[in-house]
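In this chain, residues are counted from 1 in sequence order. Only this structure's heavy atoms are used, side chains among them; waters, hydrogens and symmetry mates stay out.
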Amino acid sequence: MKTLTLSLTAALLLSACATVPSTDVGALHDRTLTLDTHIDIPLTYMTEIDPTGETELQVDLPKLMAGDLDSGFWIVYTPQGELTAEGYAAAYDIAKTRMDAITALVTTHTDNFELAKTAEDVERIVAAGKHAVLVGMENAFPLGHSAATNNIDWWAEQGVRYVGLTHFGHNQFGDSSNPHPERDSGPKWNGLSPAGRDLVDQLNKAGIMVDVSHTGKETMMQAADLSRTPIIASHSGAKAVADSARNLDDEQLEKIAEVGGVAQMVALGAYVKLPTAEQQAARDALDAEFGDRNTWSQATRDAYMERRALITAMAPEATVMDFVDHIDHAVAVAGIDSVGIASDFDGGGGIVGWQDASETENVTAELVRRGYSESEIAKIWGGNLLRVMEAVEAEAGR
């Protein structure tokens with residue numbers, strides 16, 4: 001069984017769990033397969049940064065071991081750029097860099113990490129005492145403009161097992177939940193584009209899950225109806241708890257459940273708990289000052305994040321309890337079989353009590369405190385997502 005140095009928040013959570021008779025949170029967490037569907041990586045991953053040692057990342061091997069986080073989706077993320085041949089080429093280079101880094105992780109550090117391409121792989125790898133590494137693509141933008149250019153089968157062979165249709169800003173496949181303030185004026189496609197509809201079909205054939213996080217509502221609803229397999233929202237929140245454009249409303253949660261999918265609630269503070277009016281005004285001013293984030297250098301990004309942290313500190317931050325409020329609501333609306341967990345670590349995620357992978361047990365502790373059974377916790381922590389993976393795998397090639 002793992003040994004943890006507990007934060008004050010964790011201690012309070014575990015103390016609260018003591019009111020649940022005969023519940024050993026540590027033991028329950030240890031025997032639960034935990035799967036985080038969104039772990040971002042920097043472009044310097046596996047070149048300048050060795051994730052098997054202590055790093056400034058929220059997810060590295062020591063933190064994974066300390067928090068007993070068994071598996072996750074490492075993310076091939078590309079910011080949204082111009083819908084041009086040059087834009088697609090630049091995006092492909094970014095995506096390929098991240099894919100190469102993930103491949104290097106699982107081929108270099110084989111004692112601790114192994115690539116998982118199926119739900120069965122995940123269970124086998126975790127049972128062997130290693131961390132199962134899955135791959136998700138956040139933003140389909142680097143796939144190009146058509147079926148002739150997107151090379152879906154190649155990405156599937158590399159290990160990609162979900163593709164997010166959009167990110168911030170509309171792209172060639174559909175409308176985003178957050179239009180780009182300069183490039184987009186209203187909807188571009190009123191949901192999926194013709195290329196987006198074709199992409200959903202290709203993903204179904206390739207055994208890749210269709211991910212609707214960051215899509216506009218019409219895009220998401222159309223994808224749910226069109227896909228022959230259950231869809232996922234890999235890292236979203238509940239709009240009824242925090243009314244953000246990126247979060248899912250109750251109709252969307254119900255739709256995901258209707259098609260047998262799963263909505264992974266995200267532990268990113270800005271989407272877990274809304275900012276105060278003062279904070280929002282300060283964020284708007286900061287965003288206006290720094291401009292289009294797709295043009296930022298790393299130094300500019302660091303300066304922005306430093307200033308953003310000062311704004312975050314203006315009010316109490318989101319906590320594990322606030323995060324599980326989203327899980328509670330999603331379960332109430334969509335059912336226990338359609339809800340999961342995502343951290344968005346190293347991509348903006350992190351809340352008080354779950355600031356990095358080492359504090360993962362705190363989420364389990366809060367679920368226990370709320371009265372979830374061990375079998376329900378197992379579903380939320382990975383069972384539901386693996387069920388969807390199996391359904392998508394069964395459709396591959398058809």
Would you say I125 and S71 make side-chain contact, with heavy atoms under 4.5 Å?
no
Strictly by modelled atom types, are N204 and T229 linked by a side-chain donor-acceptor pair under 3.5 Å?
yes
Please name the residue in the list L192, D211, I231 that meets the side chain to side chain contact (heavy atoms under 4.5 Å, CB included) test with L165.
L192
Pairing of R228 and D201 as salt bridge, 4.0 angstrom limit:
yes
What I want to find out is whether E376 reaches K379 closely enough, with some N-O distance under 4.0 Å, to be called a salt bridge.
no
Transitive ILVMFWY side-chain link M314 to M305, under 4.5 Å
yes
Check whether any side-chain N or O of Q58 sits under 3.5 Å from a backbone N or O of Q355 as a donor-acceptor pair, and report yes or no.
yes
Any donor-acceptor pair under 3.5 Å from K63 side chain to E54 backbone
no
ILVMFWY clustering at 4.5 Å (side-chain atoms), partners of V262:
L33, L35, F73, I75, Y77, V122, V126, L134, Y162, M209, I232, L385, L386, V388, M389, V392
Under 4.0 Å between a Lys/Arg side-chain N and an Asp/Glu carboxylate O for E82 and R183?
yes
For R387 and G260, work out which heavy atoms get closest and say how close.
NH1-O, 2.8 Å
With distance as the sole test, does D344 use its side chain to make a donor-acceptor pair with the main-chain N or O of L268 at under 3.5 Å?
no
Any sub-3.5 Å donor-acceptor pair from D70's side-chain atoms to T34's backbone N or O?
yes
Determine whether a donor-acceptor pair (N or O, by modelled atom type, separation under 3.5 Å) exists between the side chain of Q172 and the backbone of G144.
yes
Hydrophobic side-chain clustering at under 4.5 Å (ILVMFWY, transitive links): who's grouped with L274? Put none if nobody.
none
Taking K188 for its side chain and S193 for its backbone only, find out whether a donor-acceptor pair lies under 3.5 Å.
no
Without hydrogens or angle criteria, can the side chains of D284 and Q280 be said to hold a donor-acceptor pair below 3.5 Å?
yes
If we ignore angles and hydrogens, is there a donor and acceptor under 3.5 Å between the side chains of T47 and T44?
no
V324 side chain reached by R369 side chain, heavy atoms, under 4.5 Å:
no
Between L199 and A140, which heavy-atom pair has the shortest distance, and what is it?
CD2-CB, 3.8 Å
Indicate the atoms forming the closest heavy-atom contact of R283 with A270, along with that distance.
NH1-CB, 3.9 Å
Tell me the closest heavy-atom pair linking A242 and K273, and the distance in Å.
CB-N, 4.4 Å
Taking all heavy atoms of A233 and all of L248, pick out the closest pair and write down the distance.
CB-CD1, 3.8 Å
Salt-bridge test for K96 and D93: reply yes if a basic N is under 4.0 Å from a carboxylate O, no otherwise.
no
Ignoring hydrogens and angles, tell me if any N or O in the side chain of K130 forms a donor-acceptor pair with the backbone of T110 under 3.5 Å.
yes
Would you say that H109 contacts M46 through its side chain, given a criterion of any heavy-atom pair below 4.5 Å between the two side chains?
yes
Mind jotting down which residue pairs meet the salt bridge (Lys or Arg N to Asp or Glu O under 4.0 Å) criterion with at least one end in residues 40-50? Sequence neighbours excluded, please.
none
Would you check if the side chain of S213 reaches a backbone N or O of H235 as a donor-acceptor pair within less than 3.5 Å?
yes
In terms of relative ring orientation, are Y304 and F290 parallel, tilted or perpendicular, with 30° and 60° separating the classes?
perpendicular
Measuring centre to centre across the rings, with the benzene-like ring taken for any Trp, is W354 within less than 6.0 Å of F345?
yes
Hey, does D68 have a side-chain heavy atom less than 4.5 Å from the side chain of E361?
no
For Q264 and T37, test the side chains for any donor-to-acceptor distance below 3.5 angstrom and give the result as yes or no.
yes
In terms of ring plane angle, is the pair Y92 and W154 parallel, tilted or perpendicular, where the classes change at 30° and 60°?
tilted
Assess, by modelled atom type and distance only, whether the side chains of S343 and D36 contain a donor and an acceptor separated by less than 3.5 Å.
yes
Return yes if some donor-acceptor pair links the side-chain N/O of E393 with the main-chain N/O of G207 below 3.5 Å, else return no.
no
Going by an N to O cut-off under 4.0 Å, is there a salt bridge joining R370 and E366?
yes
Please check this pair: side chain of S176 against backbone of H214, looking for a donor-acceptor N/O pair closer than 3.5 Å.
yes
Under 3.5 Å, is there a donor-acceptor pair between the T103 and D100 side chains?
no
Does atom CZ (R124) have a neighbourhood of more than 12 heavy atoms from anything else shown, all under 6.0 Å?
yes
